[in-house]
Amino acid sequence: MRWTKSFIPTMKEDPSDAEVPSHRLMLRAGLIRQVMAGAYTYLPLGLRSLHKATNIIREEMDRAGGVEIQMTALTPIDLYERTDRIKAFGNVLMNIHVSRGDRRVHMALGPTHEEVVTDLVAKHINSYRQLPITLYQIQTKFRNEERPRFGILRTSEFLMKDAYSFSTSLEQLNEAYTAMYEAYCRIFTRCGLSFIPVEAESGPIGGDGSHEFMIPAGNGEDSILKCNSCNYGANVERADTGRKRSNTATASADMKPMTEIATPNAGSIEAVCKVLKCKPHRMIKTLIFKADGKPVAVLIRGDHDANENKIRRALGAKTIELADEHTILTVTGAPVGFAGPVGIKCDIIADHDVPLIANAVTGANKGDAHLVNVCHGRDWTLPLAADGTWQTFDLRNAAADDPCPKCDSKLGLVHGIEVGHVFKLGTKYSVALDAGYLDEKETKHPIIMGCYGIGVNRIIAGLAETCHDDNGLIWPMTIAPYEVVICPLNVNETEVMAEAERYYVELKAAGVDVLFDDRDVRAGVKFKDADLIGFPIRIVLGGKGVAAGEVEVKHRTKSDPEKYPLADGVRIVADMVRAAKQV
RNA sequence: CGGGCUGUAGCGCAGCCUGGCUAGCGCACUUGCUUGGGGUGCAAGAGGUCGCAGGUUCAAAUCCUGUCAGCCCGACCA
């Protein structure tokens, strides 16, 4: 492609409302333009990168045994009613009502396609002989984000590769899952992304039923915990801590007398700290949950965040939810915000850190009052476990410096961009949409499913976000909009242009993606634009060089160019490109 | 959905508080010359319903009310 025939609107200045690097640079480099909040047009360069990512994904999905289909973005609302996800999606689901004759048709723009694909399979797959199968598509998804932001990282319309596996057994599911997991690793590696697979909340199948693929990035919206020495990594919702139960007790000598203090209208940790001039880590936060309908007090240190999944598992409950005001009043005798373990009228479950707080501050189970110098073992007591330790649990979100659950090291908190997710779904959708198969004995079973998503735009944005310097973007060879840019320094010098044309034609013939910067602009402009866009290799042909029989080849990542004989340049560059695409 | 900020040429901004001639600057754009290895220099041009609607006033980019859009922080995110 010739620059003058393409459409590459670069910008010298930063757009004022682009904050994060990926948004700023993709705008400046002429890859994208905003249409409205959360919706972007892909210009030629951006589209080329997007296509390169989809091609890699397609190759690897096919290699992993996936079968490509294309479903519709328009989906009948009825399917979401049958799986009860209208409620789950809420405002995220983009609803459309249209009239056809005298009828009103209610549909949605698909935010994901479990329903559509499961319905398809339900209608056309009946026998165990037809399974397992993994179907996938690369298609536009729509989610009404309450707050689109960060440019391309979070949009309401985006490209997603979504795959769905259908199996007759957990073994088959695990095989499909592993195949997808490995394909994802290959895809992201080929795309030149640094990524971390982390454990995510696993849902119905349990165990290692879900992994997220995260790009470590300061602006990432997700928090993940990664062990400093072993390969353990998990998102905040999922991460276990390596903390253990203990039997240490506060020495009686250190216990100060428990006192009740009036704390009018101070029902939050923050407010109580302000009134009593204490720190959150000295407080016991008492949350009243209903576990399968039965109230239970959950004790967490004041500066920690409760983790509902951990609490649910520790209680062995099917469902848990925060208790309503009435229940709280019944159990504690106080309005919301003044609960505490001393004298509470329900079961208590505590996080590991709670009994270690000596002379703690906590609610008095009485309106507008808190207790100070509350000591475990004197003022309230946890049951003892069989080994003589206090019966405590891991009930809070993991935090930086918590011990790793897998080794002796510590966890570190990193931010990440979620670029892929693999998930063992189980039979939720196949049951709801009646997707079953007959086994050898003609017994019907629900098909066991898995789903696997990749945010294609996020591959591009994630690279832009993490691979750039002061001059602009730095693309890996596999995703770069063009692999090579040819810059003839003066388009009015016929010898230079003739040589540049030759390079252009021959590199194209050698299978290289090459952009010919044939603009009649000064060298500096071409260099600045080439750096801004981030082509991996820049070929410079100038009057002096051509006269001396030399061509200049510069890698985006290196500070100095290399010089080669004019006659060898095409072959050398073609080899460089080929080598850089090998993974 | 709560809190904050911003809408003036394609982009970045000034002017607004304290209303007043033809609304200005830099970059980009057009034409001519110039220059030709890191955003050349000179000259001449084109480009605006000052987000939109209403109000106050002799007079509104400027003051008031409403509204729309965008951005940031937080909540939310199968």
Side-chain angles (χ1 to χ4, degrees), chain A residues 9-20 23-24 27-28 30 33-40 75 79-80 83-93 108 110-116 118 141-151 153-156 158 160 162 164 200-201 203-204 210 212 219 221-223 235-237 417-418 421 423 425-426 428-429 432 449 451-453 455 470-472 487-493 496-497 517 519-532 538-548 550-552 554 559-561 563:
Chain A
T10 59
M11 286 190 281
K12 203 189 284 192
E13 288 175 278
D14 280 341
S16 64
D17 53 9
E19 300 281 327
V20 295
H23 190 199
R24 227 177 53 226
L27 243 18
R28 283 191 56 201
R33 282 296 180 267
Q34 186 181 63
V35 178
M36 58 180 180
Y40 289 82
T75 54
L79 286 177
Y80 298 99
T83 58
D84 204 24
R85 280 172 110 198
I86 290 192
K87 210 172 73 209
F89 277 120
N91 206 240
V92 170
L93 193 68
T112 173
H113 280 72
E114 279 85 0
E115 281 81 357
V116 181
T118 306
K141 301 276 190 265
F142 297 87
R143 291 180 196 181
N144 179 39
E145 290 294 343
E146 290 293 323
R147 189 186 154 205
R149 63 182 119 179
F150 299 143
L153 286 173
R154 191 171 186 74
T155 54
S156 296
F158 55 96
M160 182 169 168
D162 48 326
Y164 306 90
E201 207 41 68
S210 171
E212 289 172 346
N219 285 315
E221 290 190 89
D222 295 290
S223 295
N235 68 17
V236 200
E237 291 77 38
I417 298 163
E418 184 186 349
H421 195 166
F423 196 95
L425 276 178
K428 176 180 172 187
Y429 297 97
M449 292 174 58
C451 67
Y452 317 91
D470 291 346
N471 294 317
C487 300
L489 291 187
N490 187 340
V491 298
N492 302 311
E493 288 181 28
V496 168
M497 278 308 267
D517 191 350
R519 293 176 298 170
D520 184 9
V521 293
R522 296 174 64 86
V525 176
K526 295 190 180 189
F527 294 161
K528 286 286 184 189
D529 274 346
D531 285 350
L532 175 60
R538 185 185 78 195
I539 295 177
V540 175
L541 291 157
K544 283 178 231 158
V546 169
E550 279 180 345
V551 62
E552 184 180 304
K554 183 181 173 301
S559 55
D560 294 311
K563 291 198 167 140

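So that the names make sense, note that chain A is the first sequence line, chain B the second, and so on, each numbered from 1.
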Undergrad: With rounding to whole Å, what would you report as the distance between B:G26 and B:A9 at their P atoms?
TA: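 Looking at atom P only, B:G26 and B:A9 are 16 Å apart.
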Undergrad: Would you mind telling me which of B:A75, B:G39, B:G37 lies closest to the side-chain atoms of A:Phe527?
TA: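 Output: B:G37.
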Undergrad: Does a side-chain N or O from A:Arg147 land closer than 4.0 Å to OP1 or OP2 of B:C73, or not?
TA: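 For B:C73, OP1/OP2 do have a side-chain N/O of A:Arg147 under 4.0 Å.
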Undergrad: Using the P atom as the reference point in each nucleotide, state the distance between B:G12 and B:U22 in Å, no decimals.
TA: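 It comes out at 29 Å once rounded to the nearest Å.
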Undergrad: Identify whether any heavy atom of A:Arg538 sits under 4.0 Å from a base atom; if not, whether one sits that close to sugar-phosphate; answer base, sugar-phosphate or nothing.
TA: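 Base: the residue A:Arg538, judged by heavy atoms under 4.0 Å, touches a nucleobase.
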Undergrad: Hey, which sits more toward the 5' end of RNA chain B by its nearest nucleotide, A:Met36 or A:Glu145?
TA: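 First, find each residue's nearest nucleotide; the 5'-ward one identifies A:Met36.
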Undergrad: Check A:Glu114 with A:Arg85, please: is the shortest side-chain N to carboxylate O separation under 4.0 Å?
TA: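 Yes.
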Undergrad: Taking CG from A:Asn219 and P from B:C71, how many angstroms apart are they, rounded to a whole number?
TA: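 About 15 Å, once rounded to whole Å.
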Undergrad: Which base, if any, makes a Watson-Crick or G-U wobble pair with B:G74, both distances under 3.5 Å?
TA: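 B:G74 is paired, partner B:C1.
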Undergrad: Among B:C71, B:A78, B:G12, which is the nearest nucleotide to the side chain of A:Ala37?
TA: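 Of all the options, the side chain of A:Ala37 is nearest to B:C71.
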Undergrad: Go through the structure and list residues passing salt bridge (Lys or Arg N to Asp or Glu O under 4.0 Å) with A:Glu145, not counting sequence neighbours.
TA: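 For A:Glu145 the salt bridge (Lys or Arg N to Asp or Glu O under 4.0 Å) partners, ignoring immediate neighbours, are A:Arg154.
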Undergrad: Taking NZ from A:Lys87 and P from B:C76, how many angstroms apart are they, rounded to a whole number?
TA: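 Value for this atom pair: 18 Å.
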Undergrad: Could you please name the option among B:C71, B:A28, B:G38 that lies closest to any side-chain atom of A:Lys12?
TA: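 Nucleotide nearest to A:Lys12's side chain: B:A28.
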Undergrad: How long is the line joining CG of A:Leu27 and C1' of B:G70, in whole Å?
TA: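 It is 13 Å, rounded to the nearest whole Å.
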Undergrad: Applying side chain to side chain donor-acceptor pair (under 3.5 Å) to A:Tyr164 and A:Thr118, what does each step give before you reach the verdict?
TA: CA-CA 9 Å; A:Tyr164 306 90; A:Thr118 306; over 6 Å; no
Undergrad: If I pick the C1' atom on B:C27 and the same atom on B:A14, what distance separates them, to the nearest angstrom?
TA: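 Pairwise C1' distance, B:A14 against B:C27, rounds to 15 Å.
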Undergrad: So what does A:Asn91 hit on the nucleic acid, given a heavy-atom distance under 4.0 Å: a base, only sugar-phosphate, or nothing?
TA: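 The residue A:Asn91 makes no contact with any strand.
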Undergrad: Let's test this: given Watson-Crick or G-U wobble pairing with both distances under 3.5 Å, identify the partner of B:U67.
TA: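 Checking every strand shown, B:U67 finds its partner in B:G51, with both distances under 3.5 Å.
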Undergrad: Give each protein N/O atom lying under 3.5 Å from an N/O atom of nucleotides 32-36 of chain B, with the pair distance.
TA:
residue, atom, partner, partner atom, Å
B:U35, O2', A:Arg522, NH1, 3.4
B:U35, O2, A:Arg522, NH1, 2.7
B:G36, N2, A:Asp520, OD1, 3.1

Undergrad: Test for a donor-acceptor pair under 3.5 Å between the base of B:A78 and the side chain of A:Arg143, counting only N and O atoms.
TA: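 Such a pair is found, so the answer is yes.
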Undergrad: Going from CG on A:Asp17 to CD on A:Gln34, what distance comes out if it is rounded to the nearest 0.5 angstrom?
TA: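 Going from CG on A:Asp17 over to CD on A:Gln34, the span is 6.5 Å.
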Undergrad: Applying side-chain contact (heavy atoms from CB on, under 4.5 Å), name anything that partners A:Arg147, two or more places apart in sequence or on another chain.
TA: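 Applying side-chain contact (heavy atoms from CB on, under 4.5 Å) to A:Arg147 gives A:Arg149.
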Undergrad: Using the P atoms only, state how far B:C42 lies from B:G48, rounded to an integer number of Å.
TA: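 Straight-line distance between the two P atoms is 26 Å.
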Undergrad: Which value, in whole Å, describes the distance between the C1' atoms of nucleotides B:C16 and B:A61?
TA: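 That atom pair is separated by 7 Å.
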Undergrad: Please name the nucleotide paired to B:C27 by Watson-Crick or G-U wobble geometry with both distances under 3.5 Å, or report none.
TA: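 The base-pairing partner of B:C27, which may sit in any strand shown, is B:G10.
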Undergrad: According to side-chain contact (heavy atoms from CB on, under 4.5 Å), who are the partners of A:Lys554, at least two apart in sequence or on a separate chain?
TA: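 Only A:Arg538, A:Pro561 meet the side-chain contact (heavy atoms from CB on, under 4.5 Å) criterion with A:Lys554.
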Undergrad: Check whether any side-chain heavy atom of A:Asp517 sits under 4.5 Å from a side-chain heavy atom of A:Phe527, and report yes or no.
TA: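 Side chain of A:Asp517 against side chain of A:Phe527, heavy atoms only: no contact under 4.5 Å found.
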Undergrad: Can you check the distance between B:U49 and B:G54, where both ends of the measurement are the C1' atom (answer in whole Å)?
TA: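 These two C1' atoms come out 16 Å apart once rounded.
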Undergrad: Please pick, from B:A75, B:A78, B:G12, the nucleotide with the shortest atom-to-atom distance to any side-chain atom of A:Ser16.
TA: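 Nearest to the side-chain atoms of A:Ser16, counting from C-beta on, is B:G12.
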Undergrad: Rounded off to whole Å, could you give me the CD-to-C1' distance for the A:Gln34 and B:G7 pair?
TA: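 Distance, rounded to whole Å: 14 Å.
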Undergrad: Could you tell me the separation between the CG atom of A:Asp529 and the P atom of B:C11, rounded to a whole number of Å?
TA: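 So the two atoms are 18 Å apart, to the nearest Å.
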Undergrad: Between the base of B:G37 and the side chain of A:Glu552, is one N or O donor paired with an acceptor at under 3.5 angstrom?
TA: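 Checked by distance alone, the answer is yes.
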Undergrad: Who passes side-chain contact (heavy atoms from CB on, under 4.5 Å) against A:Asp84, sequence neighbours left out?
TA: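 Result, side-chain contact (heavy atoms from CB on, under 4.5 Å) vs A:Asp84: A:Lys87.
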Undergrad: With sugar-phosphate meaning primed atoms plus P, OP1 and OP2, does A:Val525 contact a base, only sugar-phosphate, or nothing at under 4.0 Å between heavy atoms?
TA: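 Contact class for A:Val525: base.
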Undergrad: Could you check how far CG of A:Asn144 sits from P of B:C1, rounded to whole Å?
TA: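 So the CG-P distance, A:Asn144 to B:C1, works out to 10 Å.
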Undergrad: State which residues pass side-chain contact (heavy atoms from CB on, under 4.5 Å) with A:Ser223; sequence neighbours excluded, sorted by chain then number.
TA: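 Only A:Val236, A:Leu413, A:His415 meet the side-chain contact (heavy atoms from CB on, under 4.5 Å) criterion with A:Ser223.
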Undergrad: Of A:Thr112 and A:Glu146, whose nearest nucleotide on RNA chain B comes first from the 5' end?
TA: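 So the residue in question is A:Glu146.
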Undergrad: What is the nucleic acid contact for A:Ala88, judged by heavy atoms within less than 4.0 Å: base, sugar-phosphate only, or nothing?
TA: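 If one applies the 4.0 Å heavy-atom cut-off, A:Ala88 turns out to touch nothing in the nucleic acid.
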Undergrad: Using the P atom on both, measure B:C29 against B:G70 and round to a whole Å.
TA: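 My reading of the P atoms in B:C29 and B:G70 gives 29 Å.
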Undergrad: Once you round it to whole Å, what is the distance between C1' of B:C27 and NZ of A:Lys528?
TA: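 In whole Å, B:C27 C1' lies 15 Å from A:Lys528 NZ.
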Undergrad: What is the separation between atom CZ on A:Arg24 and atom C1' on B:C71, rounded to the nearest whole Å?
TA: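 Interatomic distance, CZ of A:Arg24 to C1' of B:C71: 15 Å.
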Undergrad: Sticking with atom C1', work out how far B:G47 lies from B:G2, rounded to a whole angstrom.
TA: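 The answer is 42 Å between these two C1' atoms.
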Undergrad: Measure from the side-chain N and O atoms of A:Lys544 to the backbone N and O of A:Glu550, and report whether any donor-acceptor pair falls under 3.5 Å.
TA: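 A pair under 3.5 Å: no.
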